[in-house]
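Chain identifiers are assigned alphabetically (A, B, ...) following the order of the sequence lines, protein sequences preceding nucleic acid strands; residue numbering begins at 1 within each chain. Every heavy atom of this structure was used, including side-chain atoms; hydrogens, water molecules and symmetry mates were not. Computed from a prediction, not measured in an experiment: that's the story for all the values here.
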Protein chains: 2
Amino acid sequence: MNIGEVSTRADLPAKTIRYYEEIGLVKPLRDTNGYRAFRESDVHKLVFLGRARALGFTIEDCRALTALWEDKARASADVRSIASDHLIQIEAKIADLQAMHETLSHLVSSCAGDDRPDCPILQSLEKVTR
Amino acid sequence: MNIGEVSTRADLPAKTIRYYEEIGLVKPLRDTNGYRAFRESDVHKLVFLGRARALGFTIEDCRALTALWEDKARASADVRSIASDHLIQIEAKIADLQAMHETLSHLVSSCAGDDRPDCPILQSLEKVTR
DNA sequence: TTAGGGGTTCCAGTCAGGGGAAGGTCAAGA
DNA sequence: TCTTGACCTTCCCCTGACTGGAACCCCTAA
């Protein structure tokens with residue numbers, strides 16, 4: 001199977017698939033003409049990778065997760081550990097963004113937004129009151 | 001004023017300040033020995049930049065915001081527009097992260113996390129059910 | 001004079017790919 | 001047989017917003 005079909009089936013850009021090969025996440029075979037020759041197992045793995053990335057796992061997380069996925073003697077605790085660490089990261093990012101949102105939405109709603117220059121948003125950015 | 005003092009006063013790494021000069025956000029003078037010579041107005045601007053960056057504005061947003069900040073004839077609508085666009089970006093990111101969080105927290109809580117290999121997290125990543 | 005703690009530039013790396021050039025390969029139609 | 005166009009290949013540079021490090025210069029105090 002050529003990269004185009006894999007790209008469609010795994011719903012990943014060809015560029016991304018080539019990149020994943022470059023960093024050793026997938027190892028497709030090669031045809032005599034130099035084209036990558038993907039097996040079903042490669043497609044399966046790429047789908048796995050796509051889903052993990054969509055959940056925000058880093059590439060290194062993905063590397064660890066696929067290793068566990070392929071290890072029939074894995075302990076589910078190892079998988080859960082990676083996932084719950086990632087959950088903590090997500091929670092931290094959400095909290096960060098919510099703090100930004102709170103500050104900024106107050107500022108936006110207090111700004112007249114007309115053609116006059118007075119602007120509480122700029123005033124607040126100017127203040128050293130961190 | 002040398003970069004070290006500015007770094008302390010604006011609470012920004014010296015590297016960051018040099019970078020901001022490189023991309024034209026600040027334009028400190030130079031001493032005869034080649035050292036950057038910052039004025040009070042430069043420090044003031046760097047504090048402004050630091051606060052805007054802390055609220056998640058991009059560098060290009062910051063460039064626009066400082067231009068407005070220094071334009072005494074600005075319309076507050078222009079500032080508000082940048083800020084509310086940014087709010088929308090923040091809201092989108094929060095929504096994304098919350099969706100990830102929801103999916104992943106269900107998975108984590110359904111995984112035994114012991115030494116057995118059965119793992120709903122891996123099973124779910126494997127499925128093509130996008 | 002020397003040691004240290006400033007400062008300077010420049011280069012490379014981060015993360016996860018994206019854009020695009022230059023060129024090879026394949027299948028279908030004239 | 002030739003050509004067209006879709007597909008594939010590698011290669012290199014670009015992104016954002018810095019960060020780390022090397023190699024070197026400058027200033028002050030002991």
Please give, in whole Å, the distance from [N] [atom2] to [X] [atom1]?
X: E21(A); N: dA16(C); atom1: CD; atom2: P; value: 18 Å
X: I3(B); N: dG6(C); atom1: CD1; atom2: C1'; value: 11 Å
X: R18(A); N: dT10(D); atom1: CZ; atom2: C1'; value: 9 Å
X: E5(A); N: dA6(D); atom1: CD; atom2: P; value: 19 Å

Sorted by number, the residues of residues 86-100 of chain B with heavy-atom contact under 4.0 Å to DNA chain C:
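Within this stretch, nothing sits under 4.0 Å of the strand.
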Applying ring-ring contact (aromatic ring centres under 6.0 Å, His included), name anything that partners [X], two or more places apart in sequence or on another chain.
X: H101(B); result: none
X: Y35(A); result: none
X: Y20(B); result: none

Carboxylate-amine/guanidinium contact [X] [Y], below 4.0 Å:
X: R39(B); Y: D42(B); value: yes
X: E60(A); Y: R63(A); value: yes
X: K45(B); Y: E70(B); value: yes
X: E21(A); Y: K27(A); value: no

Which heavy-atom pair separates I90(A) from L55(A) by the least distance, and what is that distance?
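It is CD1-O, 4.1 Å.
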Grab the two heavy atoms, one from L49(B) and one from C62(B), that are nearest each other, plus how far apart they are.
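Reported closest heavy-atom pair: CD2-CB, 3.7 Å.
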Please give me every residue in residues 22-39 of chain B whose heavy atoms get under 4.0 Å of an atom in DNA chain D, ordered by residue number.
N33(B), Y35(B)
When every nucleotide of nucleotides 11-18 of chain D is labelled 5' to 3' by its protein contacts under 4.0 Å (heavy atoms), B for base, S for sugar-phosphate only, - for none, what sequence of letters results?
B-----BB
So, D118(A) versus S76(B): side-chain donor-acceptor pair below 3.5 Å or not?
no
